[in-house]
Every structure is written in C-alpha cells, then in structure tokens.
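Throughout, numbering of the chain's residues begins at 1 and tracks the sequence. Computed from a predicted model, the values in this text were never measured in an experiment.
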Amino acid sequence: MWGVTICMLFFAIIPILLWSSATNASLLGTVPRVDTGQVRLLTEMQSDLWTSPNQEKADPLRRYNLAGKLPVLFNDRWSASLNLEAEGLRIGRPGLIIGNDAIEVNTDLRSQSAGVGVQRRDEDGSWFSLFGSYESASNEPFKDKRDRYFAGTAIYAFEPSEKWQWIVGANQSNNRGIRNGQIMPIGGVFYRPNLNLTVAFGLPFLLIEWKNESSVFNLTATLVGIEGNLRKDFANDFFYQFKSGLSSRAYLHNDRIKDKNRIFFEEKYIEGGVGVRLSARTHTVLVIGQSFDRRVYEAEAIFKKTGTDHRIKADLYGTLGLEFIL
C-alpha cells in the first residue's frame with residue numbers, strides 16, 4: 001500500500017499537522033502526523049451521483065484514498081510512525097486541453113507517498129516533531145524523475161505558558177502550491193483560554209477548535225483553502241458530521257513542457273454524513289454532499305492560471321469511508 005502526502009503550504013502546516021483528516025492527505029496544505037496507538041487501515045471512495053453525459057463532463061468525477069497508519073514506537077517521551085498513502089482522482093474530462101502550450105492530458109490523476117514521522121515530548125511541555133516522505137503526484141506517479149520529490153517538515157514547540165505556546169520550524173516540498181521546491185519558515189502560536197477552546201494562528205493561517213464531551217467543531221483557513229467541520233457523537237456508537245469549504249489539489253503531470261507547471265483542481269463543497277462503529281475494530285461513515293465551482297487549470301502556483309480555466313459540472317456526490325483497526 002502506498003501513500004499520499006501532497007502539498008504542504010507556507011505557514012499552514014502547524015494546525016493541519018495536528019488536526020488533519022486521516023483520508024484527505026492529498027489536499028494542499030496537509031501534512032501527515034505522527035500516529036500513536038494501533039495500526040490502522042483506512043479507505044475512502046467518492047463518486048458523483050447525478051451526472052448525465054454532456055460536453056462539460058463525460059463521466060462522473062470519482063476519487064479514492066487508501067492509507068496505512070503504522071505506529072512503530074510510543075513511550076512517555078518518544079513516538080514514531082510510518083504513513084503509506086495513495087489517492088486517485090478521475091476528473092471525468094477525457095482529452096482535456098490545458099495551459100498556454102495547449103497540451104492534451106490524461107485526467108486520471110494519482111498521488112502516492114511513503115513517510116516516517118518522529119516526535120519527542122519533554123516534561124516542561126515542549127516538543128519536537130520531524131516528518132519526511134518520498135512522494136509523487138502525476139498522471140503516472142514515479143515514472144518521471146521530475147515528478148518525484150522529497151517533502152520534509154521540522155517543528156519545535158516551546159515550553160508553554162499558562163495559555164500560550166509558540167512554535168517555529170521549516171518545511172520543504174516541491175508540490176505545496178506556493179514557492180515549490182523552496183525551504184519555507186514556519187511560525188505561529190497556540191492559544192488555549194480554557195479546556196474546550198484552542199486557537200492556532202500565524203501568518204497566514206488560522207485554526208479554531210471547540211469541543212465538549214460529545215461535540216467537536218473545527219475551522220481551518222490557509223492560503224489554499226478553508227474548511228469548517230462539525231461532529232457530534234451519540235449513544236450506541238453513532239455520530240453525525242457536517243463539512244463545508246474550498247479544497248485544492250495539485251499534480252505534476254508528465255506531459256508538461258515546463259518543469260514548474262502542474263495541474264490544479266479546486267472545488268467548493270458542502271456535505272453531511274452519518275458514521276457508525278460496527279465493532280471495536282471497524283468503523284464506517286456514509287456522506288452525501290454537493291460540489292460547487294469545480295475548476296481545472298495549469299499553473300506554476302495556485303490561483304495563477306495559464307491558458308483555459310476549465311469548469312467541471314457541479315454534482316451531488318456520495319462517499320463511503322471505512323477504518324480497520326488491526
């Protein structure tokens with residue numbers, strides 16, 4: 001099994017590192033975290049539900065994600081884990097022509113990676129985290145040398161005060177969406193006024209998390225997107241969740257003429273789902289959502305389009321997610 005850890009974004013790393021969705025790792029602005037506990041296998045499958053063939057979209061947009069989270073060390077001070085992930089995105093526009101060079105590209109896009117993370121926690125509340133991964137995102141991952149890259153993140157959190165904790169670090173990635181291939185600094189602060197509320201902010205990111213015994217609300221904003229997420233647990237192992245936001249993905253397609261160019265896919269969405277714990281080791285979630293303003297374009301950096309900005313027909317979609325704890 002392979003893995004996806006695409007596109008870490010300048011200053012967006014800190015909050016996403018700690019609260020990222022387990023099966024959305026190819027979203028821009030997302031990095032893997034150091035997992036603890038048991039070995040987990042996760043799958044997620046999404047497909048449009050209300051599509052009829054037309055000139056804008058000949059097939060439903062479909063996406064899958066496979067992930068393996070393998071903790072290898074955990075004690076009072078140290079933790080380490082392996083992350084193996086793979087994601088596929090089929091846009092449903094065969095023979096798409098993109099960019100100023102008018103290149104026809106295969107829109108069956110994939111991203112894969114394998115990574116390892118290590119974290120050390122000290123008695124004063126400070127901690128250090130290091131994660132590195134070998135990745136590829138393309139219509140043919142790992143086939144071309146220019147489509148492979150190393151991504152790494154190092155973060156140090158200082159000893160916290162009563163409500164504040166400062167964080168510094170650095171990130172390197174060839175597919176983060178902005179200043180690709182350059183080492184970027186990280187800086188930010190956590191503010192925890194009480195046990196229920198955490199606010200993380202820097203330049204330019206923001207995360208707000210509020211929780212009580214049965215509910216959790218997250219709002220995350222970065223340069224490449226924004227998402228709000230509400231989850232509420234019920235008795236008998238049921239929960240429901242609602243999400244809405246703007247997401248972005250990027251792929252270094254091997255047909256490009258300029259090495260710096262890549263395909264971007266953007267989408268706005270709103271969705272709701274119901275989850276159930278089928279057993280102590282098997283969890284599932286069913287989601288129905290609506291997409292808006294889907295775009296595909298070629299660019300060196302996000303939101304800086306070259307050539308045609310292709311619109312993909314919006315649609316109702318369904319998602320099935322499964323988690324197996326080994």
Side-chain angles (χ1 to χ4, degrees), residues 1-10 12-14 16-35 39-46 63-72 79-90 106 108-119 129-155 169-184 186 222 224-225 247-254 256 259 262-265 302 321 323:
M1 186 179 296
W2 293 88
V4 180
T5 54
I6 288 184
C7 313
M8 301 173 234
L9 176 68
F10 176 42
I13 294 167
I14 299 167
I16 302 295
L17 177 66
L18 300 179
W19 288 286
S20 60
S21 169
T23 55
N24 280 334
S26 72
L27 291 175
L28 293 184
T30 305
V31 298
R33 65 185 180 186
V34 178
D35 277 79
V39 175
R40 295 181 297 141
L41 300 178
L42 304 102
T43 69
E44 189 174 87
M45 295 158 283
Q46 176 184 316
R63 182 178 62 83
Y64 71 85
N65 188 290
L66 305 173
K69 311 293 186 179
L70 293 83
V72 295
S79 57
S81 66
L82 302 176
N83 281 16
L84 308 173
E85 303 190 26
E87 185 180 77
L89 175 67
R90 179 169 293 179
N106 179 0
D108 185 5
L109 304 169
R110 289 167 287 159
S111 49
Q112 302 172 350
S113 78
V116 58
V118 178
Q119 186 177 73
S129 181
L130 181 66
F131 200 100
S133 58
Y134 188 54
E135 310 177 359
S136 183
S138 176
N139 49 348
E140 296 185 70
F142 292 104
K143 180 179 179 180
D144 196 325
K145 183 178 180 180
R146 64 179 182 166
D147 295 343
R148 313 169 203 159
Y149 50 93
F150 171 81
T153 304
I155 298 175
N171 164 252
Q172 196 282 333
S173 174
N174 194 40
N175 199 24
R176 70 163 68 86
I178 294 177
R179 297 194 175 185
N180 302 297
Q182 300 181 31
I183 296 176
M184 303 298 297
I186 298 169
T222 72
V224 294
S247 63
S248 305
R249 288 172 166 84
Y251 302 88
L252 297 161
H253 64 98
N254 56 20
R256 68 192 187 280
D259 287 350
R262 61 208 68 218
I263 298 175
F264 286 93
F265 173 74
I302 192 169
E323 178 181 11

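In this structure, the side chain of Arg148 engages the main chain of Phe142 through a donor-acceptor pair within 3.5 Å. Side-chain N or O atoms of Asn254 include none that pairs as donor or acceptor with a backbone N or O of Asp147 at under 3.5 Å. Checked by atom type and distance alone, the side chain of Asn83 never pairs as donor or acceptor with a backbone atom of Ala114 at under 3.5 Å. The closest donor-acceptor contact from the side chain of Ser133 to the backbone of Gly115 lies at 3.5 Å or more, if one exists at all. In terms of modelled atom types and a separation under 3.5 Å, the side chain of Arg256 and the main chain of Ile263 share no donor-acceptor contact. Between the side chain of Arg176 and the backbone N or O of Gln182, at least one donor-acceptor pair lies under 3.5 Å. The closest donor-acceptor contact from the side chain of Arg110 to the backbone of Asn139 lies under 3.5 Å.
Side-chain contact between Arg40 and Leu42 is present, with at least one heavy-atom pair separated by less than 4.5 Å. When side chains are defined from C-beta on, Ser138 does not count as touching Asp144, because their heavy atoms never get closer than 4.5 Å.
Between Asp35 and Ser81 the shortest heavy-atom distance is N-OG, 2.9 Å. For the residue pair Leu252 and Asp259, the shortest heavy atom distance occurs at CD2-O, 4.4 Å. Scanning both residues, Gly117 and Val34, for their nearest heavy atoms gives C-CG2, 3.7 Å. Pairing each heavy atom of Tyr149 with each of Ala137, the nearest pair is OH-CB, 3.9 Å.
Counting heavy-atom neighbours within 6.0 Å of Arg179 CZ, excluding the residue itself, gives a total of 12 or less.
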Going through the distances and angles, do Asn180 and Arg262 end up as a side-chain contact (heavy atoms from CB on, under 4.5 Å)?
-> CA-CA 11 Å; Asn180 302 297; Arg262 61 208 68 218; 3.4 Å; yes
Please step through side-chain contact (heavy atoms from CB on, under 4.5 Å) for the pair Val72 and Val116, ending with a clear verdict.
-> CA-CA 10 Å; Val72 295; Val116 58; 5.9 Å; no
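Separating the OG atom in Ser111 from the CD atom in Glu87 is a distance of 5.0 Å, to the nearest 0.5 Å. Taking CD from Gln46 and OH from Tyr64, the interatomic distance works out to 14.0 Å, rounded to the nearest 0.5 Å. For the atom pair OH of Tyr251 and CG of Leu89, the computed distance is 4.5 Å after rounding to the nearest 0.5 Å. To the nearest 0.5 angstrom, Phe264 atom CZ is 8.0 Å from Ser248 atom OG.
With sequence neighbours left out, Asn106 forms a side-chain hydrogen bond (donor to acceptor under 3.5 Å, both in side chains) with no residue at all.
No option in Arg90, Met45, Arg249 other than Arg249 meets the side-chain contact (heavy atoms from CB on, under 4.5 Å) test with Arg63.
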